[in-house]
Every structure is written in C-alpha cells, then in structure tokens.
Number of protein chains: 2
Amino acid sequence: MSLGRLDNFIGFRLRRIQNYLSSAFTAESVALGLRPGEFSALAVIAANPGVSQGTLAREVGLDKSAAVAVIDDLERLRLAERRRLTADRRRHALYVTGDGEAALDRLFAKLETVERDVLNALSPDDLQVLSSLLDRIYHSCFRQDA
Amino acid sequence: MSLGRLDNFIGFRLRRIQNYLSSAFTAESVALGLRPGEFSALAVIAANPGVSQGTLAREVGLDKSAAVAVIDDLERLRLAERRRLTADRRRHALYVTGDGEAALDRLFAKLETVERDVLNALSPDDLQVLSSLLDRIYHSCFRQDA
DNA sequence: TATTGTTATACTCTATAACTATA
DNA sequence: TATAGTTATAGAGTATAACAATA
C-alpha cells in the first residue's frame, strides 16, 4: 500500500505519530475513568489554580458548553472542584483536589513512558533538536496568545 | 495561561501543531463537499488504483462499515467509483475519476499552502531535518506494516 | 446590554453486530 | 465455513442556540 502524494507532507506524518502516542496514552486515561480531553483539562487547571471555565475552555480548545460536561465529570470523580467567586458571582474558579494531583502524577508518569517508547529511535541530542524545531513552529503559529 | 507540565511533552506540541494544520485544511476540504477523512481516502485510492474497500479501510484507519459511507460519498460526488471484480464478485475495486484527480490537485495545492504558512518559521534545511527526524520515529513505530 | 455558566438539541463519528452475496 | 461489503443501531463527541443569574 502506497500513500502516494500524501507521503510528502509533514502534517500527515505528524498525525500518524500523534495518533499512535494518543491511543497508547488513552488506555491509561480511561483506566482512571477519564474520557479523552479530560486529562489535559485537569492538567491545565493544575497549572492555573482558580482559572475560570471559559478561559479553560478556550485554552484546551473546548466549547464552553462542552467544558461543563468535562468539569462535571472531574467533580464527580473528585479530581477537581468548582468554587463560586465572591468578586464575580457568575464565575466559577476551578481547582484540582489532592486526588486530582495524585491522578496527574500517575498520568504524567504514563505519558513519559509512552513518549519514551515512541521516541526511542532518537538520541537525546536528536530529541533536543526535534523539540526546538517544534517550538519554533509552535511559537510562529500561536504567538498571538491571550 | 500556563500549560504546566503538559508543556514538557513533545506529543502535546505535535497535537497543537497538527490541530492547527488540519483545521486550516478542513475548510478547503468541506468547500469541495468532502468530510474530514474523505480526502485521505481519495488520495490513497489515487495512489493505489483498484484497491479494495477493506484494504483502504485498514490503511486509512477506518472501520469497513465507515468506509462504505465514505465511498458512497465519493461516488455521489463523482470523485471515485466502485467496479465489481469479475475474479471475485464479492470485491469492489476502487478508482479515482477525472473529477477526482482534479479535486486532488486542488486539495494538494491547498495542503502545500497551509504547510508553507505553518512551517515558514523553518528554513528548508530545518524542514529537511524535521522531516527526517519524524521519519525515523515513524519507521520505528510502524515498521511492522502490512 | 453583555458575560458566565447551564441546558437542550441536533448533527456527526465511531464501534458493533447482524445480514447478503459470494467464495 | 469464511470473507467483502452492506445495513442498522447505539454511544460518544461536537456545535448551536436558548436560557438564568449576574455584572
């Protein structure tokens, strides 16, 4: 089976590698009761304690209505919690619980294992180069951040 | 907004870049009436004239039942066609039509534009390095191909 | 009047299994 | 009995708009 012209595009190779990484990781994620996307939401809350739902949604690429379901789920699992802000009672500030931090430790450990397996074709120097090339692309695309 | 520990993982950056690439491309794709995934199916048929539905499905990562809907769509748009094989009348051989080739030319041109925009932070030499690093990862993951 | 979060709804995707026609 | 393709169906994911509370 040939991929033909598709094979000339970097985006196609990015997608194949990324699909592989994420399917390997998803198994660990669902083992903790998390659906795809909930892990990154939890990680972003952990990195930004008190973040609002709207800001989180924008950052993770979710619709604000989809964010409701994600946070409902995280609360149900006692991994994160909403706290109504007194300053602006429309807003919820989001925080990760102790259980949430423990889950993140476990998930990040798995993520490291998965990446190590997939990236073991490259030397540490190669990885450094790859990382810096991706950074340069990333920053040229997303420099206009909020 | 910080991404916290997430930012240390190459897979996360791969995903952001790939999301960006694919959302920019999807617009052109739907303008031609194609749904996501149908473009790559069409490209693989073009690269492998006479391929069967099952083989195509495996290659593109579709379920065989999902492949039916994709090919129905491609036939309805007159971009590809099924031909019943006389040797084994259970099978359909798939072919791209003239319209299909024209659509592919247009779509691949768009793909080049999108990639150029996103990857313009890198010099041709850098792109060559990136491409070869991704290839090495890819081949170490998928060497056990069919 | 605008914004934050919520609910409702519809649409798309995906995954599964049952079915047909051929082998 | 096994395989290629099809159909039917249910579940998850996503996108949209209407809504309540608050600003």
Side-chain angles (χ1 to χ4, degrees), chain A residues 1 15 18-19 22-23 25-27 29-42 44-45 48 50-77 80-95 146, chain B residues 1 15 19-20 22-23 26-27 29-41 44-45 48 50-77 80-95 146:
Chain A
M1 280 295 299
R15 186 157 68 97
Q18 197 264 307
N19 282 349
S22 78
S23 69
F25 176 67
T26 295
S29 183
V30 300
L32 285 169
L34 292 177
R35 288 177 297 188
E38 296 188 346
F39 161 67
S40 48
L42 189 61
V44 169
I45 296 171
N48 303 273
V51 66
S52 73
Q53 292 189 198
T55 305
L56 172 69
R58 222 176 309 116
E59 187 67 20
V60 182
L62 284 172
D63 189 81
K64 63 177 179 169
S65 66
V68 173
V70 165
I71 297 158
D72 282 352
D73 229 41
L74 294 177
E75 268 197 330
R76 187 179 51 73
L77 295 165
E81 60 188 29
R82 293 169 166 100
R83 296 186 207 151
R84 182 73 72 178
L85 280 175
T86 48
D88 180 346
R89 293 183 39 73
R90 292 173 303 182
R91 294 196 189 204
H92 284 142
L94 303 174
Y95 296 91
Chain B
M1 280 293 301
R15 185 157 70 98
N19 282 349
Y20 192 86
S22 78
S23 69
T26 295
S29 182
V30 299
L32 286 169
L34 292 178
R35 290 176 297 190
E38 297 188 345
F39 161 67
S40 48
V44 169
I45 296 171
N48 304 274
V51 66
S52 73
Q53 294 190 199
T55 305
L56 173 68
R58 224 176 308 118
E59 188 66 19
V60 183
L62 285 173
D63 190 81
K64 63 177 180 170
S65 66
V68 173
V70 165
I71 296 158
D72 283 351
D73 230 40
L74 294 178
E75 267 197 329
R76 187 179 51 74
L77 296 166
E81 59 186 31
R82 294 169 165 100
R83 297 186 206 151
R84 183 73 73 177
L85 281 175
T86 49
D88 181 345
R89 294 182 38 73
R90 292 173 303 183
R91 294 197 188 203
H92 285 142
L94 303 174
Y95 295 90

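Only this structure's heavy atoms are used, side chains among them; waters, hydrogens and symmetry mates stay out.
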Q: Any side-chain heavy atom of B:E59 sitting closer than 4.5 Å to one from B:V51?
A: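 In short, these two side chains do not touch, never coming nearer than 4.5 Å.
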Q: By salt bridge (Lys or Arg N to Asp or Glu O under 4.0 Å), which residues pair with A:R91, not counting sequence neighbours?
A: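 Only A:D88 meet the salt bridge (Lys or Arg N to Asp or Glu O under 4.0 Å) criterion with A:R91.
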Q: Less than 4.5 Å apart, any side-chain heavy atom of B:N48 and any of B:L56?
A: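 When only atoms from C-beta onward are counted, B:L56 and B:N48 do not touch, as no gap falls below 4.5 Å.
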Q: Cut-off 3.5 Å, side chains only: do A:S23 and A:T26 have a donor facing an acceptor?
A: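 A:S23 vs A:T26: no donor-acceptor pair found between side chains.
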Q: Is any side-chain N of the basic residue among B:R58 and B:D63 closer than 4.0 Å to the acidic one's carboxylate O?
A: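 No, no charged N to carboxylate O under 4.0 Å.
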Q: First contact, last contact: which nucleotides of DNA chain C are these for chain B, 5' to 3', heavy-atom distance under 4.0 Å?
A: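 That gives a stretch of C:dC13 to C:dA23.
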Q: Would you check if A:V68 and A:H92 make a side-chain contact, meaning some heavy-atom pair closer than 4.5 Å?
A: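 No, too far: nothing below the 4.5 Å cut-off.
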Q: Compare all side-chain heavy atoms of A:L42 with those of A:V70 and state whether any distance is below 4.5 angstrom.
A: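 Not touching, per the 4.5 Å side-chain cut-off.
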Q: List the protein contact pattern of nucleotides 8-15 of chain D with one symbol per nucleotide (5' to 3'): B for base contact, S for sugar-phosphate-only contact, - for none; contact means a heavy-atom distance under 4.0 Å.
A: -----S--
Q: What side-chain donor-acceptor pairs closer than 3.5 Å can you find for residues 29-41 of chain B, not counting sequence neighbours?
A:
from, atom 1, to, atom 2, distance (Å)
B:R35, NE, B:E38, OE2, 3.3
B:R35, NH2, B:E38, OE2, 3.3
B:E38, OE1, B:R35, N, 3.2
B:S40, OG, B:G37, O, 3.2

Q: Can you give one letter per nucleotide of nucleotides 18-23 of chain D, 5' to 3': B if a protein heavy atom sits under 4.0 Å from the base, S if only from the sugar-phosphate, - if neither?
A: ---BBS
Q: Please report the distance, rounded to the nearest Å, between CD in B:E75 and C1' in D:dT6.
A: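 From B:E75 CD to D:dT6 C1': 13 Å.
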Q: Is it true that a side-chain atom of A:R82 and a backbone atom of A:L94 form a donor plus acceptor pair closer than 3.5 Å?
A: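 Looks like no, no N/O pair under 3.5 Å.
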Q: Run the side-chain contact (heavy atoms from CB on, under 4.5 Å) test against B:R76 and tell me which residues pass, sequence neighbours left out.
A: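 Partners of B:R76 under the side-chain contact (heavy atoms from CB on, under 4.5 Å) test: B:D73.
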